[in-house]
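Below you'll find the structure, written out as structure tokens, and then a few comments.
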2 protein chains.
Amino acid sequence: MNLPTASLPTLTTDIVPFAIRGERLEVLLARQAAGWGLPGGPIGVDEDLDAAARRQLVEQTGLSDVYLEQLYTFGRPDRDPARRMVAVAYFALIPIASGSTDAPAAGDAVRWAAVNEPPPLVLDHGEIVAVARRRLAAKLLYSTIALQLMPERFTLSELQAVHEIILGEPLDKRNFRKRVLALDRIEATGELARHGGRRPARLYRALRPGQVELIK
Amino acid sequence: MNLPTASLPTLTTDIVPFAIRGERLEVLLARQAAGWGLPGGPIGVDEDLDAAARRQLVEQTGLSDVYLEQLYTFGRPDRDPARRMVAVAYFALIPIASGSTDAPAAGDAVRWAAVNEPPPLVLDHGEIVAVARRRLAAKLLYSTIALQLMPERFTLSELQAVHEIILGEPLDKRNFRKRVLALDRIEATGELARHGGRRPARLYRALRPGQVELIK
DNA sequence: TTGTAATAGTGTTCAAATGACACTAATATA
DNA sequence: TATATTAGTGTCATTTGAACACTATTACAA
């Protein structure tokens, strides 16, 4: 097995796995020798970039079949003091755990952290999270990307809460519903969500679940 | 000097240098062994990604001090049949040559090509140009990026023509002027552009020339 | 010198989209 | 049966966007 030579930077991926948990936007971190950081690692010699990100996410967090999008490539020569590393960064969107367990896997090798009050992260991972967060917030406004954070069935109140959490500001309930229904990207299932102690809400589902489309 | 080993992909940049020439959007190509392709090449072991792109653009085309933005990282394992190459792609915006010469440099090592009817390019460079073109068109709508294609002083008709060429559709003259002036990112210099044979136009300049700002 | 060709410059009106705003409905539980 | 809690619904005013035509200024030709 060959080791990196001095003639080439090492190429890695770093993945920012986002999920809405409780009332916050959180990131899933992976334990590393130097502290907490983003999941990711070296890209195989003949491995596709997207495939590498997907593989590392599964290996390190157990998460599969999630939305994944290339974010930016970080390559400041001093971003890793030890050796030259260039990271192709991705972000992943993990649906809200609708039922059952929400711990993805891997005992104490991973942890969730709030994006707003993040713990110190290794290298420039804090910056990568910040860039990813900005991109996510921007895309909320002109795409259907928020649906990738939702479970298969969800209520309009839940969808609105997701928008409010990411944008960091309250939205008008009637205007939100008007807009989101006019887009014609979700449909009512006919079922009701019953939680207890209040009026049950209609459940909706995405018309084209896998796709992220530009809107307006 | 070390050569690439089998354990790491080779990291390169590819730059899509856009300019408005005549009535078309064009790209500057560099002659390569296998045909015409984008300027670019290997990134130095301790070289910053942006710096590498900038260096290669100067070396291969003579263009310096242009707007440069990271586009996307292309890494399909089969994109180069010879060896594994991962390319961090950039696009550059070159101001319309206001006066004097517009040939950037480097005799027959470079050539301009229309983006609409592009010649066959090496590897996946055709795809990279297409992605860059889409990004440029998208950014026209929500940023001041078009100003990076303008000379220091320009007329509103010229600015409108740039938009029309990139968007591929005619724009209403009065609405265009209303919008662009309301943004408050350019100012009249007080000078007039005189070309001959017609009414001279007012010259404008960017208020913050280097900056690309998000609008509306 | 006058006429012509060419481009610069300028407002209004209508339609559509956006944003603000408050009450009734349905359920679980005390 | 009363109460607490969340779901669900429409209108109006303002802002924004789109369509639209004529006059002004110059160079050059007749």
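By convention in this document, chain letters (A, B, ...) are assigned in the order of the sequence lines, proteins followed by strands, and residues within each chain are numbered from 1. Just so you know, these numbers use all the heavy atoms, side chains as well, and skip hydrogens, waters and symmetry mates.
Rounded to an integer number of Å, the gap from Leu171(A) CG to dC21(C) P is 15 Å. Rounded to whole Å, the distance from CZ on Phe154(B) to C1' on dA8(C) is 16 Å. Rounded to an integer number of Å, the gap from CZ of Arg179(B) to P of dG17(D) is 7 Å. Glu164(B) places its CD atom 13 Å from the P atom of dT7(C), with the value rounded to the nearest Å. In this structure, CD of Gln160(B) is placed 12 Å from C1' of dT7(C), rounded to the nearest angstrom. In this structure, NZ of Lys216(A) is placed 12 Å from C1' of dG17(D), rounded to the nearest angstrom. The CG-P distance, from Leu141(B) to dA18(D), rounds to 11 Å in whole Å.
The residues Asp48(B) and Arg54(B) are annotated as not salt-bridged, no charged nitrogen and carboxylate oxygen being separated by less than 4.0 angstrom. Under 4.0 Å is where a charged nitrogen must lie from a carboxylate oxygen, and between Arg79(A) and Glu127(A) no such pair does. The pair Arg205(A)-Glu152(A) does not count as a salt bridge, with every side-chain nitrogen at least 4.0 angstrom from each carboxylate oxygen. Ion pairing of Glu47(A) with Arg55(A) is present here, as a side-chain N (NZ or NE/NH1/NH2) and a carboxylate O approach within less than 4.0 Å.
For the side chain to side chain donor-acceptor pair (under 3.5 Å) with Tyr90(A), the lone residue among Asp14(A), Asp50(A), Thr13(A) that qualifies is Asp50(A).
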For nucleotides 4-11 of chain D, read 5' to 3', which letter fits each nucleotide if B means a protein heavy atom sits under 4.0 Å from the base, S means only the sugar-phosphate is that close, and - means neither?
-> -BBBBBBB

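Residue-environment remark: CG (Asp65(A)) stays at or below the threshold of 12 foreign heavy atoms within 6.0 Å.
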